[in-house]
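A short worksheet on the structure shown next.
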Amino acid sequence: MSLAVEGIVKRYGAATVLDGVSLAAPAGAVTGLIGPNGSGKSTLFDVITALVPLDEGVVTVDGTPIGNATPAAVAQMGLVRTFQVPRVARSMTVVENLMLAPPRGEGESLLRLFSPFHVRRVRRDELERRRRAWATLDMLGLDHVGLDFAGTLSGGQLKLLSIGMALMMEPPTLLLDEPTAGVNPVLIQRILEAIVARRESGATTVVIEHNISVVSQICDSAYVLDAGSIIAHGTPAEVRSDERVISAYLGKRERGAV
Amino acid sequence: MSEYLVQVSTVAMIYSVLALSLNLQYGLTGLLNFGQSFFFALGGYAVGIVYFHVWPSWIGLVAAPFAGALGGLLLALPARRLDEHYWALMTLGVAELFLAIVNNEGSIAGGDLGTYGIPPIGSGTLLPLMAGVALIVFAAFEIIRRSQFGRVIRTIREDPVLVAALGRSAFRFRAAVLALSGAVGAMAGVALAYWLTLVASDVFSLEQTVLVWAMVIIGGRGNNLGVIVGAFVVQGIYVGSQFMPESAPIAGEDLALLRVFIIGAAMVLVLMFRNEGLIPEWKVRQRRPAPSDAAGSG
(Lines give C-alpha, C1' and ligand atoms only; values in the text may rest on other atoms or scores of the structure.)
Protein backbone atom coordinates (compact mmCIF):
# COMPACT_ATOMS: atom_id res chain seq x y z
CA MET A 1 0.00 0.00 0.00
CA SER A 2 1.60 3.25 -1.10
CA LEU A 3 0.81 6.68 0.22
CA ALA A 4 1.15 9.95 -1.70
CA VAL A 5 0.25 13.52 -0.94
CA GLU A 6 0.19 16.25 -3.55
CA GLY A 7 0.13 20.00 -3.19
CA ILE A 8 -1.07 20.00 0.40
CA VAL A 9 -1.86 23.48 1.71
CA LYS A 10 -2.97 24.05 5.29
CA ARG A 11 -3.57 27.50 6.69
CA TYR A 12 -4.42 28.57 10.22
CA GLY A 13 -5.75 32.09 9.77
CA ALA A 14 -2.99 34.11 8.19
CA ALA A 15 -0.32 31.48 8.89
CA THR A 16 0.38 28.96 6.14
CA VAL A 17 1.58 25.88 8.00
CA LEU A 18 1.85 23.63 4.94
CA ASP A 19 2.60 25.34 1.66
CA GLY A 20 2.17 22.92 -1.22
CA VAL A 21 3.69 19.78 0.26
CA SER A 22 4.06 16.76 -2.02
CA LEU A 23 5.66 13.49 -1.09
CA ALA A 24 5.43 9.82 -1.88
CA ALA A 25 5.87 6.93 0.53
CA PRO A 26 6.23 3.74 -1.54
CA ALA A 27 5.11 0.34 -0.32
CA GLY A 28 7.74 -1.83 1.31
CA ALA A 29 9.87 1.16 2.25
CA VAL A 30 10.51 3.30 5.29
CA THR A 31 10.30 7.00 4.47
CA GLY A 32 11.76 9.57 6.83
CA LEU A 33 10.30 13.00 7.45
CA ILE A 34 12.67 15.41 9.12
CA GLY A 35 12.69 19.12 9.75
CA PRO A 36 13.07 21.68 12.51
CA ASN A 37 10.47 22.08 15.25
CA GLY A 38 7.42 23.89 13.94
CA SER A 39 8.13 23.04 10.30
CA GLY A 40 4.74 21.32 9.90
CA LYS A 41 5.60 17.61 10.21
CA SER A 42 2.92 16.69 12.74
CA THR A 43 0.37 18.90 10.98
CA LEU A 44 1.08 16.92 7.80
CA PHE A 45 0.24 13.72 9.71
CA ASP A 46 -2.94 15.38 11.03
CA VAL A 47 -3.98 16.30 7.49
CA ILE A 48 -3.16 12.87 6.02
CA THR A 49 -5.24 11.13 8.70
CA ALA A 50 -8.15 13.62 8.22
CA LEU A 51 -7.92 14.81 11.81
CA VAL A 52 -7.51 18.30 10.42
CA PRO A 53 -9.20 19.37 7.16
CA LEU A 54 -6.85 20.43 4.39
CA ASP A 55 -7.28 23.64 2.40
CA GLU A 56 -5.80 22.39 -0.86
CA GLY A 57 -4.23 19.26 -2.23
CA VAL A 58 -5.01 15.57 -2.26
CA VAL A 59 -4.02 12.50 -0.24
CA THR A 60 -4.02 9.21 -2.14
CA VAL A 61 -3.68 5.64 -0.97
CA ASP A 62 -2.66 3.27 -3.77
CA GLY A 63 -3.63 6.05 -6.19
CA THR A 64 -7.15 6.46 -4.75
CA PRO A 65 -7.92 9.83 -3.14
CA ILE A 66 -9.26 9.46 0.38
CA GLY A 67 -11.60 12.42 -0.18
CA ASN A 68 -13.44 13.67 2.86
CA ALA A 69 -13.31 10.45 4.85
CA THR A 70 -13.62 10.71 8.63
CA PRO A 71 -10.53 9.98 10.75
CA ALA A 72 -12.07 6.64 11.73
CA ALA A 73 -12.67 5.74 8.07
CA VAL A 74 -9.09 6.67 7.19
CA ALA A 75 -7.80 4.36 9.92
CA GLN A 76 -10.11 1.60 8.65
CA MET A 77 -8.49 1.99 5.22
CA GLY A 78 -5.30 0.88 6.92
CA LEU A 79 -3.72 4.29 7.47
CA VAL A 80 -2.74 4.37 11.12
CA ARG A 81 -0.69 6.95 12.99
CA THR A 82 0.84 7.58 16.39
CA PHE A 83 0.94 10.95 18.11
CA GLN A 84 3.90 13.02 19.21
CA VAL A 85 2.26 13.32 22.62
CA PRO A 86 1.12 9.71 23.09
CA ARG A 87 -2.60 9.08 23.26
CA VAL A 88 -3.61 6.09 25.37
CA ALA A 89 -6.61 5.25 27.57
CA ARG A 90 -5.16 6.09 30.99
CA SER A 91 -7.94 4.52 33.05
CA MET A 92 -7.37 1.14 31.40
CA THR A 93 -4.50 -1.21 32.12
CA VAL A 94 -1.50 -1.25 29.80
CA VAL A 95 -2.40 -4.69 28.45
CA GLU A 96 -6.01 -3.61 27.85
CA ASN A 97 -4.78 -0.70 25.74
CA LEU A 98 -2.90 -3.15 23.54
CA MET A 99 -5.88 -5.52 23.34
CA LEU A 100 -8.07 -2.60 22.30
CA ALA A 101 -6.06 -1.73 19.21
CA PRO A 102 -6.42 -4.59 16.65
CA PRO A 103 -9.35 -3.98 14.30
CA ARG A 104 -12.44 -6.13 13.70
CA GLY A 105 -12.95 -7.44 17.22
CA GLU A 106 -15.48 -10.23 17.60
CA GLY A 107 -16.55 -8.72 20.90
CA GLU A 108 -17.05 -5.29 19.43
CA SER A 109 -20.72 -5.87 18.65
CA LEU A 110 -23.22 -6.17 21.50
CA LEU A 111 -25.27 -8.67 19.50
CA ARG A 112 -22.34 -11.00 18.97
CA LEU A 113 -21.22 -10.56 22.57
CA PHE A 114 -24.49 -12.11 23.76
CA SER A 115 -25.19 -14.47 20.89
CA PRO A 116 -24.75 -18.14 21.81
CA PHE A 117 -23.55 -18.78 18.26
CA HIS A 118 -20.63 -16.40 18.69
CA VAL A 119 -19.52 -17.21 22.24
CA ARG A 120 -16.63 -19.38 21.13
CA ARG A 121 -15.43 -16.96 18.48
CA VAL A 122 -15.55 -14.03 20.88
CA ARG A 123 -13.61 -16.02 23.48
CA ARG A 124 -11.02 -17.13 20.93
CA ASP A 125 -10.58 -13.57 19.66
CA GLU A 126 -10.14 -12.29 23.22
CA LEU A 127 -7.53 -14.94 24.00
CA GLU A 128 -5.69 -14.16 20.77
CA ARG A 129 -5.67 -10.45 21.59
CA ARG A 130 -4.45 -11.15 25.12
CA ARG A 131 -1.69 -13.45 23.86
CA ARG A 132 -0.50 -10.94 21.25
CA ALA A 133 -0.70 -8.10 23.77
CA TRP A 134 1.61 -9.91 26.18
CA ALA A 135 4.04 -10.75 23.36
CA THR A 136 4.09 -7.05 22.45
CA LEU A 137 4.64 -6.12 26.10
CA ASP A 138 7.64 -8.46 26.19
CA MET A 139 9.01 -6.91 23.02
CA LEU A 140 8.63 -3.37 24.37
CA GLY A 141 10.00 -4.20 27.82
CA LEU A 142 6.69 -3.25 29.42
CA ASP A 143 5.72 -6.70 30.72
CA HIS A 144 6.36 -5.69 34.36
CA VAL A 145 3.78 -2.89 34.13
CA GLY A 146 1.25 -4.78 32.01
CA LEU A 147 -1.39 -4.86 34.73
CA ASP A 148 -0.87 -1.25 35.85
CA PHE A 149 -3.13 1.57 34.78
CA ALA A 150 -1.67 3.21 31.67
CA GLY A 151 -2.01 6.57 33.47
CA THR A 152 0.81 5.56 35.82
CA LEU A 153 3.40 5.12 33.04
CA SER A 154 6.32 7.46 32.44
CA GLY A 155 6.58 9.53 29.26
CA GLY A 156 8.91 7.08 27.53
CA GLN A 157 6.74 4.13 28.53
CA LEU A 158 3.64 5.89 27.18
CA LYS A 159 5.45 6.36 23.89
CA LEU A 160 6.32 2.67 23.78
CA LEU A 161 2.74 1.72 24.58
CA SER A 162 1.34 3.92 21.82
CA ILE A 163 3.76 2.40 19.31
CA GLY A 164 2.80 -1.06 20.56
CA MET A 165 -0.87 -0.22 19.96
CA ALA A 166 -0.11 0.89 16.41
CA LEU A 167 1.95 -2.24 15.71
CA MET A 168 -0.83 -4.46 17.11
CA MET A 169 -3.08 -3.07 14.37
CA GLU A 170 -0.62 -4.34 11.72
CA PRO A 171 -1.53 -1.41 9.48
CA PRO A 172 -0.60 -1.44 5.78
CA THR A 173 0.47 2.18 6.22
CA LEU A 174 1.90 3.45 9.49
CA LEU A 175 2.81 7.04 10.34
CA LEU A 176 5.06 7.29 13.39
CA ASP A 177 5.53 10.67 15.05
CA GLU A 178 8.91 10.73 16.83
CA PRO A 179 8.82 7.08 17.94
CA THR A 180 12.18 7.20 19.69
CA ALA A 181 11.82 10.44 21.65
CA GLY A 182 12.19 9.80 25.37
CA VAL A 183 12.80 6.08 24.94
CA ASN A 184 15.88 4.36 26.34
CA PRO A 185 18.55 3.26 23.82
CA VAL A 186 18.07 -0.51 24.21
CA LEU A 187 14.36 -0.23 23.50
CA ILE A 188 14.97 2.19 20.63
CA GLN A 189 16.78 -0.65 18.87
CA ARG A 190 13.77 -2.94 19.38
CA ILE A 191 11.42 -0.33 17.93
CA LEU A 192 13.70 0.17 14.95
CA GLU A 193 13.80 -3.59 14.37
CA ALA A 194 10.01 -3.70 14.41
CA ILE A 195 9.87 -0.84 11.88
CA VAL A 196 12.41 -2.46 9.57
CA ALA A 197 10.55 -5.77 9.82
CA ARG A 198 7.48 -4.06 8.35
CA ARG A 199 9.44 -3.51 5.13
CA GLU A 200 9.62 -7.24 4.43
CA SER A 201 5.85 -7.58 4.54
CA GLY A 202 5.49 -4.82 1.94
CA ALA A 203 4.04 -2.34 4.40
CA THR A 204 4.48 1.41 4.11
CA THR A 205 6.02 3.37 6.97
CA VAL A 206 6.60 7.09 7.41
CA VAL A 207 8.66 8.21 10.38
CA ILE A 208 9.05 11.70 11.80
CA GLU A 209 12.44 11.61 13.44
CA HIS A 210 14.92 14.16 14.74
CA ASN A 211 17.77 11.77 15.27
CA ILE A 212 19.64 11.75 11.95
CA SER A 213 21.53 8.56 12.75
CA VAL A 214 18.21 6.77 13.28
CA VAL A 215 17.04 8.09 9.91
CA SER A 216 20.22 6.79 8.29
CA GLN A 217 19.78 3.43 9.94
CA ILE A 218 16.19 2.66 8.96
CA CYS A 219 14.99 4.96 6.18
CA ASP A 220 15.18 4.19 2.46
CA SER A 221 14.61 7.84 1.65
CA ALA A 222 13.88 11.01 3.52
CA TYR A 223 12.05 14.28 2.97
CA VAL A 224 13.05 17.47 4.69
CA LEU A 225 10.30 19.91 5.64
CA ASP A 226 11.14 23.50 6.51
CA ALA A 227 8.59 26.24 7.17
CA GLY A 228 5.84 24.23 5.47
CA SER A 229 7.75 23.32 2.30
CA ILE A 230 9.76 20.29 1.22
CA ILE A 231 13.30 21.56 0.72
CA ALA A 232 15.09 18.30 0.04
CA HIS A 233 14.44 14.68 -0.80
CA GLY A 234 16.80 11.77 -1.30
CA THR A 235 18.59 8.97 0.47
CA PRO A 236 19.51 9.74 4.06
CA ALA A 237 23.12 10.24 2.98
CA GLU A 238 22.13 12.71 0.28
CA VAL A 239 19.84 14.60 2.58
CA ARG A 240 22.29 14.95 5.41
CA SER A 241 24.90 16.50 3.12
CA ASP A 242 22.49 18.93 1.46
CA GLU A 243 23.49 22.55 2.09
CA ARG A 244 19.90 23.80 2.48
CA VAL A 245 19.15 21.07 4.98
CA ILE A 246 22.20 21.86 7.05
CA SER A 247 21.36 25.53 7.24
CA ALA A 248 17.62 25.03 7.81
CA TYR A 249 17.70 22.10 10.16
CA LEU A 250 20.89 22.58 12.05
CA GLY A 251 21.54 26.25 11.74
CA LYS A 252 24.70 27.64 10.15
CA ARG A 253 27.22 25.06 11.19
CA GLU A 254 30.10 23.08 9.84
CA ARG A 255 29.07 20.21 7.61
CA GLY A 256 31.00 17.84 9.86
CA ALA A 257 28.66 18.57 12.72
CA VAL A 258 25.88 16.60 11.07
CA MET B 1 -40.62 -2.92 60.42
CA SER B 2 -39.41 -5.77 58.27
CA GLU B 3 -42.27 -5.13 55.86
CA TYR B 4 -41.07 -1.55 55.75
CA LEU B 5 -37.53 -2.69 54.96
CA VAL B 6 -38.87 -4.85 52.14
CA GLN B 7 -40.66 -1.84 50.72
CA VAL B 8 -37.59 0.36 50.93
CA SER B 9 -35.48 -2.37 49.33
CA THR B 10 -37.99 -2.72 46.52
CA VAL B 11 -37.71 0.96 45.67
CA ALA B 12 -33.91 0.82 46.02
CA MET B 13 -33.84 -2.15 43.61
CA ILE B 14 -35.89 -0.22 41.04
CA TYR B 15 -33.43 2.66 41.33
CA SER B 16 -30.48 0.26 41.15
CA VAL B 17 -31.58 -0.73 37.66
CA LEU B 18 -31.92 2.94 36.69
CA ALA B 19 -28.51 3.70 38.20
CA LEU B 20 -26.96 0.81 36.25
CA SER B 21 -28.38 2.25 33.05
CA LEU B 22 -26.89 5.67 33.78
CA ASN B 23 -23.60 4.06 34.73
CA LEU B 24 -23.31 2.45 31.29
CA GLN B 25 -23.69 5.90 29.74
CA TYR B 26 -21.79 8.13 32.12
CA GLY B 27 -19.60 5.83 34.20
CA LEU B 28 -18.33 3.74 31.30
CA THR B 29 -18.88 5.80 28.12
CA GLY B 30 -18.59 9.30 29.59
CA LEU B 31 -21.93 10.44 28.16
CA LEU B 32 -23.28 13.36 30.19
CA ASN B 33 -26.96 12.50 30.11
CA PHE B 34 -28.85 14.95 32.30
CA GLY B 35 -32.15 13.59 31.07
CA GLN B 36 -32.00 10.06 32.42
CA SER B 37 -35.52 10.60 33.74
CA PHE B 38 -36.59 10.52 30.06
CA PHE B 39 -35.92 6.76 29.85
CA PHE B 40 -37.52 6.24 33.25
CA ALA B 41 -40.57 8.16 31.99
CA LEU B 42 -40.73 6.26 28.69
CA GLY B 43 -41.06 3.00 30.61
CA GLY B 44 -43.57 4.42 33.08
CA TYR B 45 -45.68 5.97 30.36
CA ALA B 46 -45.63 2.77 28.30
CA VAL B 47 -47.51 1.25 31.24
CA GLY B 48 -49.59 4.38 31.81
CA ILE B 49 -50.71 4.77 28.21
CA VAL B 50 -51.68 1.12 27.92
CA TYR B 51 -53.63 1.25 31.17
CA PHE B 52 -55.27 4.57 30.31
CA HIS B 53 -56.54 3.16 27.02
CA VAL B 54 -57.55 -0.12 28.66
CA TRP B 55 -55.34 -2.20 26.38
CA PRO B 56 -53.98 -5.57 27.53
CA SER B 57 -51.23 -4.86 30.05
CA TRP B 58 -48.64 -7.11 28.37
CA ILE B 59 -48.45 -4.57 25.54
CA GLY B 60 -46.97 -2.03 27.96
CA LEU B 61 -44.42 -4.52 29.25
CA VAL B 62 -43.28 -5.46 25.77
CA ALA B 63 -43.34 -1.92 24.41
CA ALA B 64 -41.39 -0.30 27.26
CA PRO B 65 -37.87 -1.56 26.46
CA PHE B 66 -38.38 -0.84 22.76
CA ALA B 67 -39.60 2.67 23.56
CA GLY B 68 -36.53 3.15 25.75
CA ALA B 69 -34.18 1.89 23.04
CA LEU B 70 -35.80 4.12 20.42
CA GLY B 71 -35.58 7.06 22.82
CA GLY B 72 -31.88 6.29 23.22
CA LEU B 73 -31.31 6.24 19.48
CA LEU B 74 -33.21 9.52 19.21
CA LEU B 75 -30.81 11.09 21.70
CA ALA B 76 -27.86 9.57 19.83
CA LEU B 77 -28.67 11.25 16.52
CA PRO B 78 -27.63 14.79 17.50
CA ALA B 79 -24.53 13.45 19.28
CA ARG B 80 -22.79 13.35 15.90
CA ARG B 81 -23.05 17.12 15.55
CA LEU B 82 -23.11 18.46 19.10
CA ASP B 83 -20.23 19.07 21.43
CA GLU B 84 -20.66 16.89 24.53
CA HIS B 85 -21.74 19.76 26.76
CA TYR B 86 -24.39 20.96 24.34
CA TRP B 87 -25.53 17.38 24.01
CA ALA B 88 -25.87 17.22 27.81
CA LEU B 89 -28.10 20.29 27.76
CA MET B 90 -30.14 18.80 24.95
CA THR B 91 -30.84 15.63 26.99
CA LEU B 92 -32.21 17.84 29.75
CA GLY B 93 -34.45 19.56 27.21
CA VAL B 94 -35.71 16.31 25.70
CA ALA B 95 -36.70 14.95 29.12
CA GLU B 96 -38.61 18.12 29.98
CA LEU B 97 -40.19 18.25 26.53
CA PHE B 98 -41.50 14.72 26.88
CA LEU B 99 -43.09 15.54 30.23
CA ALA B 100 -44.57 18.75 28.85
CA ILE B 101 -46.24 16.79 26.07
CA VAL B 102 -47.72 14.02 28.23
CA ASN B 103 -48.71 16.59 30.82
CA ASN B 104 -50.62 18.83 28.44
CA GLU B 105 -52.16 16.29 26.10
CA GLY B 106 -54.86 14.58 28.12
CA SER B 107 -55.60 11.93 25.51
CA ILE B 108 -52.17 10.29 25.91
CA ALA B 109 -52.30 9.20 29.54
CA GLY B 110 -54.62 11.51 31.44
CA GLY B 111 -52.63 14.72 31.15
CA ASP B 112 -51.62 16.46 34.35
CA LEU B 113 -53.92 14.24 36.41
CA GLY B 114 -51.96 11.22 35.26
CA THR B 115 -53.20 7.65 35.26
CA TYR B 116 -54.20 6.13 38.55
CA GLY B 117 -55.23 2.72 39.76
CA ILE B 118 -52.75 0.58 37.91
CA PRO B 119 -53.13 -2.88 39.47
CA PRO B 120 -50.38 -3.12 42.11
CA ILE B 121 -47.69 -5.75 42.20
CA GLY B 122 -46.93 -6.45 45.87
CA SER B 123 -43.39 -6.02 47.16
CA GLY B 124 -43.36 -9.75 47.86
CA THR B 125 -43.32 -10.23 44.08
CA LEU B 126 -41.72 -7.02 42.92
CA LEU B 127 -38.65 -7.17 45.18
CA PRO B 128 -37.39 -10.58 43.98
CA LEU B 129 -38.39 -9.65 40.43
CA MET B 130 -36.38 -6.42 40.45
CA ALA B 131 -33.50 -8.06 42.32
CA GLY B 132 -33.42 -10.59 39.47
CA VAL B 133 -33.53 -7.87 36.83
CA ALA B 134 -30.79 -5.93 38.63
CA LEU B 135 -28.67 -9.08 38.81
CA ILE B 136 -29.09 -9.85 35.13
CA VAL B 137 -28.34 -6.27 34.12
CA PHE B 138 -25.32 -6.20 36.46
CA ALA B 139 -23.95 -9.43 34.96
CA ALA B 140 -24.57 -8.29 31.38
CA PHE B 141 -22.94 -4.90 31.99
CA GLU B 142 -19.93 -6.55 33.60
CA ILE B 143 -19.54 -8.79 30.53
CA ILE B 144 -19.78 -5.67 28.38
CA ARG B 145 -17.31 -3.72 30.53
CA ARG B 146 -14.66 -6.41 30.24
CA SER B 147 -15.21 -7.04 26.52
CA GLN B 148 -13.72 -5.40 23.45
CA PHE B 149 -16.91 -3.30 23.26
CA GLY B 150 -16.22 -2.20 26.84
CA ARG B 151 -12.64 -1.24 26.00
CA VAL B 152 -13.85 0.92 23.12
CA ILE B 153 -16.47 2.75 25.19
CA ARG B 154 -14.07 3.28 28.08
CA THR B 155 -11.68 4.83 25.56
CA ILE B 156 -14.48 7.06 24.20
CA ARG B 157 -14.91 8.28 27.78
CA GLU B 158 -11.32 9.49 27.80
CA ASP B 159 -10.28 10.36 24.30
CA PRO B 160 -12.62 10.25 21.28
CA VAL B 161 -9.70 11.28 19.04
CA LEU B 162 -7.81 8.12 20.02
CA VAL B 163 -10.92 6.07 19.26
CA ALA B 164 -11.06 7.57 15.75
CA ALA B 165 -7.32 7.03 15.26
CA LEU B 166 -7.91 3.37 16.10
CA GLY B 167 -10.49 3.19 13.32
CA ARG B 168 -13.65 3.09 15.43
CA SER B 169 -16.68 5.31 14.98
CA ALA B 170 -17.48 6.72 18.43
CA PHE B 171 -20.98 7.51 17.16
CA ARG B 172 -21.83 3.87 16.53
CA PHE B 173 -20.76 2.85 20.04
CA ARG B 174 -22.51 5.79 21.69
CA ALA B 175 -25.71 4.92 19.83
CA ALA B 176 -25.51 1.28 20.97
CA VAL B 177 -24.91 2.39 24.56
CA LEU B 178 -27.83 4.81 24.49
CA ALA B 179 -30.20 2.23 23.02
CA LEU B 180 -29.28 -0.42 25.58
CA SER B 181 -29.26 2.05 28.45
CA GLY B 182 -32.61 3.42 27.31
CA ALA B 183 -34.16 -0.04 27.27
CA VAL B 184 -32.87 -0.82 30.77
CA GLY B 185 -33.91 2.58 32.16
CA ALA B 186 -37.39 2.09 30.73
CA MET B 187 -37.70 -1.27 32.51
CA ALA B 188 -37.01 0.53 35.79
CA GLY B 189 -39.77 2.98 34.85
CA VAL B 190 -42.20 0.10 34.30
CA ALA B 191 -41.42 -1.21 37.76
CA LEU B 192 -41.94 2.19 39.36
CA ALA B 193 -45.31 2.58 37.65
CA TYR B 194 -46.51 -0.76 39.02
CA TRP B 195 -45.05 0.01 42.44
CA LEU B 196 -46.74 3.39 42.78
CA THR B 197 -49.82 2.20 40.82
CA LEU B 198 -49.82 5.56 39.07
CA VAL B 199 -48.13 7.36 36.21
CA ALA B 200 -47.92 11.13 36.31
CA SER B 201 -45.39 13.70 35.19
CA ASP B 202 -44.46 14.56 38.81
CA VAL B 203 -43.24 11.00 39.30
CA PHE B 204 -40.76 11.15 36.42
CA SER B 205 -39.57 14.70 36.93
CA LEU B 206 -36.08 16.16 36.77
CA GLU B 207 -35.72 15.27 40.45
CA GLN B 208 -35.35 11.62 39.35
CA THR B 209 -32.40 12.57 37.19
CA VAL B 210 -30.78 14.32 40.14
CA LEU B 211 -31.37 11.31 42.39
CA VAL B 212 -29.91 8.80 39.95
CA TRP B 213 -26.86 10.99 39.34
CA ALA B 214 -26.33 11.15 43.11
CA MET B 215 -26.48 7.34 43.23
CA VAL B 216 -23.85 6.97 40.51
CA ILE B 217 -21.52 9.64 41.92
CA ILE B 218 -21.78 8.46 45.54
CA GLY B 219 -21.66 4.74 44.73
CA GLY B 220 -18.77 4.91 42.28
CA ARG B 221 -18.96 5.90 38.64
CA GLY B 222 -17.85 3.09 36.39
CA ASN B 223 -18.47 0.44 39.03
CA ASN B 224 -21.63 -1.56 38.40
CA LEU B 225 -21.76 -2.80 42.00
CA GLY B 226 -20.92 0.64 43.34
CA VAL B 227 -23.92 2.27 41.70
CA ILE B 228 -26.24 -0.35 43.24
CA VAL B 229 -24.72 0.45 46.64
CA GLY B 230 -25.21 4.13 45.77
CA ALA B 231 -28.88 3.48 45.02
CA PHE B 232 -29.33 1.89 48.46
CA VAL B 233 -27.40 4.66 50.22
CA VAL B 234 -29.37 7.45 48.59
CA GLN B 235 -32.63 5.60 49.14
CA GLY B 236 -31.57 5.05 52.75
CA ILE B 237 -31.02 8.77 53.23
CA TYR B 238 -34.35 9.43 51.56
CA VAL B 239 -36.43 7.23 53.82
CA GLY B 240 -34.17 7.47 56.86
CA SER B 241 -35.07 11.10 57.21
CA GLN B 242 -38.62 9.98 58.02
CA PHE B 243 -37.42 8.60 61.34
CA MET B 244 -36.67 11.99 62.80
CA PRO B 245 -37.62 12.09 66.47
CA GLU B 246 -41.06 13.54 67.13
CA SER B 247 -39.47 16.42 68.98
CA ALA B 248 -37.40 17.48 65.95
CA PRO B 249 -38.44 20.95 64.89
CA ILE B 250 -38.82 19.93 61.28
CA ALA B 251 -41.58 18.29 59.31
CA GLY B 252 -43.56 18.36 56.11
CA GLU B 253 -42.04 20.36 53.29
CA ASP B 254 -39.04 21.31 55.39
CA LEU B 255 -38.29 17.64 55.85
CA ALA B 256 -38.48 17.08 52.10
CA LEU B 257 -35.99 19.88 51.60
CA LEU B 258 -33.75 18.47 54.32
CA ARG B 259 -33.50 15.18 52.39
CA VAL B 260 -32.43 16.95 49.26
CA PHE B 261 -29.92 18.88 51.32
CA ILE B 262 -28.44 15.72 52.87
CA ILE B 263 -28.18 13.98 49.51
CA GLY B 264 -26.56 17.07 48.02
CA ALA B 265 -24.13 17.29 50.93
CA ALA B 266 -23.26 13.59 50.58
CA MET B 267 -22.49 14.15 46.90
CA VAL B 268 -20.24 17.11 47.68
CA LEU B 269 -18.42 15.17 50.42
CA VAL B 270 -17.84 12.22 48.10
CA LEU B 271 -16.57 14.46 45.32
CA MET B 272 -14.22 16.24 47.73
CA PHE B 273 -12.86 13.33 49.73
CA ARG B 274 -13.55 10.20 47.73
CA ASN B 275 -13.69 11.39 44.18
CA GLU B 276 -14.16 7.96 42.64
CA GLY B 277 -17.11 7.07 44.88
CA LEU B 278 -17.62 4.51 47.65
CA ILE B 279 -16.49 1.64 45.39
CA PRO B 280 -14.08 2.94 42.73
CA GLU B 281 -14.05 1.39 39.27
CA TRP B 282 -12.56 -2.10 39.23
CA LYS B 283 -9.43 -2.70 37.22
CA VAL B 284 -9.85 -5.24 34.42
CA ARG B 285 -6.91 -7.61 34.72
CA GLN B 286 -5.98 -9.43 31.56
CA ARG B 287 -3.27 -11.68 32.88
CA ARG B 288 -0.67 -13.33 30.70
CA PRO B 289 -2.30 -16.46 29.25
CA ALA B 290 -0.83 -19.78 30.27
CA PRO B 291 0.93 -21.65 27.43
CA SER B 292 -1.86 -24.24 27.49
CA ASP B 293 -4.37 -21.45 26.75
CA ALA B 294 -2.29 -20.34 23.81
CA ALA B 295 -2.46 -23.85 22.39
CA GLY B 296 -6.11 -23.00 21.98
CA SER B 297 -8.82 -25.13 23.49
CA GLY B 298 -11.24 -22.85 21.62
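Worth knowing before you read on, the calculation uses all heavy atoms, side chains too, and leaves out hydrogens, waters and symmetry mates. Every chain is numbered from 1, with letters handed out A, B, ... down the list of sequences.
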Go through the steps for Glu96(A) and Arg154(B) under the test side-chain contact (heavy atoms from CB on, under 4.5 Å), then give the verdict. CA-CA 11 Å; Glu96(A) 274 194 288; Arg154(B) 282 182 285 141; 2.5 Å; yes

Which answer fits Ala140(B), side chain, backbone, both or neither, if we ask what part of it has an atom under 4.5 Å from a heavy atom of chain A? both

Region of Ile153(B) that comes under 4.5 Å of a non-hydrogen atom in chain A: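 Neither part, no heavy atoms under 4.5 Å.
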
Salt-bridge criterion met for Asp148(A) and Arg285(B) (N-O under 4.0 Å): no

I'd like to know if Arg151(B) and Glu126(A) make a salt bridge, using a cut-off of under 4.0 Å between side-chain N and carboxylate O. yes

Test your reading of the model: is there a side-chain donor-acceptor pair from [X] to the backbone of [Y], 3.5 Å cut-off?
X: Glu158(B); Y: Ser91(A); answer: yes
X: Arg129(A); Y: Gln148(B); answer: no
X: Arg130(A); Y: Arg287(B); answer: yes

Between Val152(B), Val163(B), Asp159(B), the one whose heavy-atom pairs under 4.5 Å with chain A are most numerous: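 Answer, by heavy-atom pair count under 4.5 Å with chain A: Asp159(B).
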
Could you tell me whether the side chains of Thr93(A) and Gln286(B) share a donor-acceptor contact shorter than 3.5 Å? no

Could you give the side-chain donor-acceptor pairs of residues 159-177 of chain A under 3.5 Å, partners two or more places apart or in another chain?
unit_1, atom_1, unit_2, atom_2, d
Lys159(A), NZ, Gln84(A), O, 2.7
Lys159(A), NZ, Glu178(A), O, 3.1
Ser162(A), OG, Leu158(A), O, 3.4
Ser162(A), OG, Lys159(A), O, 2.8
Asp177(A), OD2, Ser42(A), OG, 2.7

Does CZ in Phe114(A) sit with more than 12 non-hydrogen atoms of other residues, nucleotides or ligands closer than 6.0 Å? yes

Contact winner vs chain B - Leu110(A), Leu137(A), Leu113(A), heavy-atom pairs under 4.5 Å: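 So the answer, after comparing Leu110(A), Leu137(A), Leu113(A), is Leu110(A).
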
